[in-house]
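Read the structure below first, then the notes.
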Amino acid sequence: MTPADLSRTVLHAVRRAVDEDALRAPVPARVRVERTRPGGSGDYACAVALQLAGPAALPALEVARILRERVVAEPGVGRVEITGPGFLSFTLDAPAESDRAVLAAVREQGLAYGHGDALRDEIHQFHHAREVRAAVTAQAVRRLLVAQGARVRTTCEQAPDPDWVRLGVTVDAYGAPPTPLTEIRPVPAGATAGELLERLGPDAARWGLLRAAGHDRAVLGPELLVQGEANPLFRVRYAHARARALTRGAAALGFTAEAAAYGESPTEPAAHGESLAPYGESPTATTADDAAARPLLDLIADHPGVLLAGARHRAPDRVARQLEAVAHAFFDFHDSCPPLPAGDEKPSAAHRARLAIAEAAGTVLAGGLSLLGIRAPEHL
C-alpha cells in the first residue's frame, strides 16, 4: 500500500462512517497522511479525526475510534493505533509488498508518476511582473498544478521578454488584469533572461531560478555549470543518467529489472527458472539491501505527496530539494548494493530487484526535472 492508497483508504472510511450515520460531518475532499515523525508510532499518521471532531460534535478520540474500526481490516493495513488527542497511526503490512506496489506504480505510470487529480476542481489565475524569475516560477507552478488536475492561466504585467521562450515560458495574456489576481513575486533574479541564457544555458538557469524558495535570493553563479557532485543539478542529472546506464548494462548482460523480486524469500524459485544462488552470491535483496534501499524507497514513495505539496504551496523549490534527496539516496544505494553483477557473478533476483529500484529512482528524477522544465539527459 502506497501513501496515496492509504489516503484513499482513510477517505473511504470517512465516507462509510458518514453513510452509516456513525458520523455527521461533511466528507473532506482529501485526507492527508504523513510519515510518522521520529519517536512516533507506526509508519504513517493522520489527523483527520481532529479535523472532523468539531463538525461532528464529537470528541476527536471518539471520531478516531469510529474511523479505526473501518480501516483496521483493510488489506495492507497491519495495525491502527489512536495516539495523543486523536491521531490515527498506521502500521502497514509486509513492507516488501508495499515497496513492490510503489515500484510497480512507477513502472506503470512512468514520468507521470506522482501526477493525479487531487486539484481537478480548482481554477487558478496567476499574475507576475515582467521579470525572469517571476516568469519561470509562474510557469513551474503552472506545470505542477496542471499535473494535479487544476486549470491554470497566467498573465504578465507587460509584454513578455522574447527570451523567455527559450526558458520554456508562455504567457496567456499581458497588461493590467480587470480584477486582482494571485501574484507570483519571488525575489528578483537581478539579471535578464538573455543574460542568464548566455552565462548558464536554459537548464542551469531554470534550476538556479527555481531551487531557492521564493523569498530567498536565487543562486545564479558559475557553480551551476560545475560537472561534479558539489553541484546539485549535476548530481541529479548524473543520477538519472547512471540509472539509464544500468538499464543498458543489464540488457547487455541479458536481464531486466523485476520489482517482484524485491523482498522475496531466498527459498522461492527465481523468475525464468534459474537457481537463485549461483557462485554463492546473495539470492535476493538481503537485510543489507533492505537497509540501504529504505531511504531511497521512502523518497520514491513520498514523491507524489511532494509534487502535490509543491502545487498547493506554489513551491517548485520543494520539488528541486526532493530530487536532490533522491539523487543522494540513489548513489548511497548504488554504491552499497550494485545493481549489476561484477566479475563472474551471474545475474540473480537480487540484481533484478536492485535494478528495479534504480530504474524507479531514475524515472522519479526525470519526471521531476520535466515538471521544472529541465532536460534529463540519458548520457552525461
Side-chain angles (χ1 to χ4, degrees), residues 2 96 99-115 203 227 229 233-264 270-274 276 278 281-286 288-290 292-301 303-304 322-372 374-380:
T2 67
D99 294 334
R100 284 196 286 268
V102 169
L103 296 176
V106 178
R107 171 161 285 197
E108 178 183 348
Q109 297 168 29
L111 298 184
Y113 173 67
H115 296 202
D203 291 329
Q227 301 293 292
E229 61 181 48
L233 173 59
F234 174 81
R235 191 174 178 83
V236 167
R237 301 214 297 177
Y238 181 58
H240 167 263
R242 181 58 186 154
R244 297 295 176 250
L246 291 172
T247 299
R248 295 191 297 270
L253 293 173
F255 76 100
T256 58
E258 186 177 336
Y262 183 78
E264 67 185 11
H272 313 303
E274 80 271 25
L276 278 176
E281 81 261 28
S282 173
T284 62
T286 63
D289 280 29
D290 290 340
R294 178 50 45 205
L296 180 55
L297 285 165
D298 286 348
L299 286 165
I300 292 171
H303 187 66
Q322 161 79 355
L323 299 182
E324 291 178 26
V326 171
H328 181 80
F330 167 82
F331 284 116
D332 284 348
F333 171 69
H334 174 281
D335 294 344
S336 300
C337 305
L340 300 183
D344 292 334
E345 275 189 297
K346 183 179 178 182
S348 69
H351 294 113
R352 291 193 295 275
R354 295 170 187 171
L355 183 61
I357 297 170
E359 287 185 346
T363 299
V364 164
L365 293 169
L369 286 171
S370 176
L371 286 172
L372 298 179
I374 298 170
R375 292 172 302 139
E378 297 275 325
H379 303 269
L380 274 182

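- Summarising the geometry, atom CZ belonging to Arg248 is positioned 13.0 Å from atom CG belonging to Leu253; distances are rounded to the nearest 0.5 Å.
- When the salt bridge (charged side-chain N to carboxylate O under 4.0 Å, His left out) test is applied to Glu229, the partners found at least two apart in sequence or on another chain are Arg235.
- Side-chain contact check for Pro295 versus Asp332: every heavy-atom pair is 4.5 Å or farther apart.
- Taking the six-membered ring for Trp and thresholds of 30 and 60 degrees, His334 and Phe331 have ring planes more than 60 degrees apart, a perpendicular arrangement.
- With a 4.5 Å cut-off on side-chain heavy atoms, His351 and Lys346 do not count as touching.
- The minimum heavy-atom distance between Ala257 and Leu355, with the atom names listed, is N-CD2, 3.4 Å.
- Distance check: Cys337 SG to Leu296 CG gives 10.5 Å after rounding to the nearest 0.5 Å.
- The shortest distance between side-chain heavy atoms of Leu103 and Leu297 falls below 4.5 Å.
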List, one per line, each side-chain donor-acceptor pair under 3.5 Å for residues 363-370, sequence neighbours excluded.
unit_1 : atom_1 : unit_2 : atom_2 : d
Thr363 : OG1    : Glu359 : O      : 3.1

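- Closest approach of Ala327 and Ala239 over heavy atoms only: CB-CB, 3.9 Å.
- A side-chain donor-acceptor contact under 3.5 Å links Tyr113 to the backbone of Ile300.
- Remark: Phe255 CZ is packed, more than 12 non-hydrogen atoms of other residues, nucleotides or ligands lying under 6.0 Å away.
- In this structure the side chain of Arg352 never reaches within 4.5 angstrom of the side chain of Pro347, judged on heavy atoms.
- Remark: the backbone N or O of Phe333 is not paired with any side-chain donor or acceptor of Arg354 at under 3.5 angstrom.
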Query - Intermediate values then yes/no, side-chain contact (heavy atoms from CB on, under 4.5 Å), Ile374 and Arg237 - result: CA-CA 10 Å; Ile374 298 170; Arg237 301 214 297 177; 4.3 Å; yes

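- Taking each heavy atom of Leu299 and Ala325 in turn, the nearest pair found is CD1-O, 3.4 Å.
- The main-chain N or O of Leu340 is never found under 3.5 Å from a side-chain atom of Glu345 such that the two would form a donor-acceptor pair.
- Once rounded to the nearest 0.5 Å, the distance linking CG of Leu371 with CG of Leu323 reads 9.0 Å.
- With rounding to the nearest 0.5 Å, the separation of CZ in Phe330 from NE2 in His240 is 10.0 Å.
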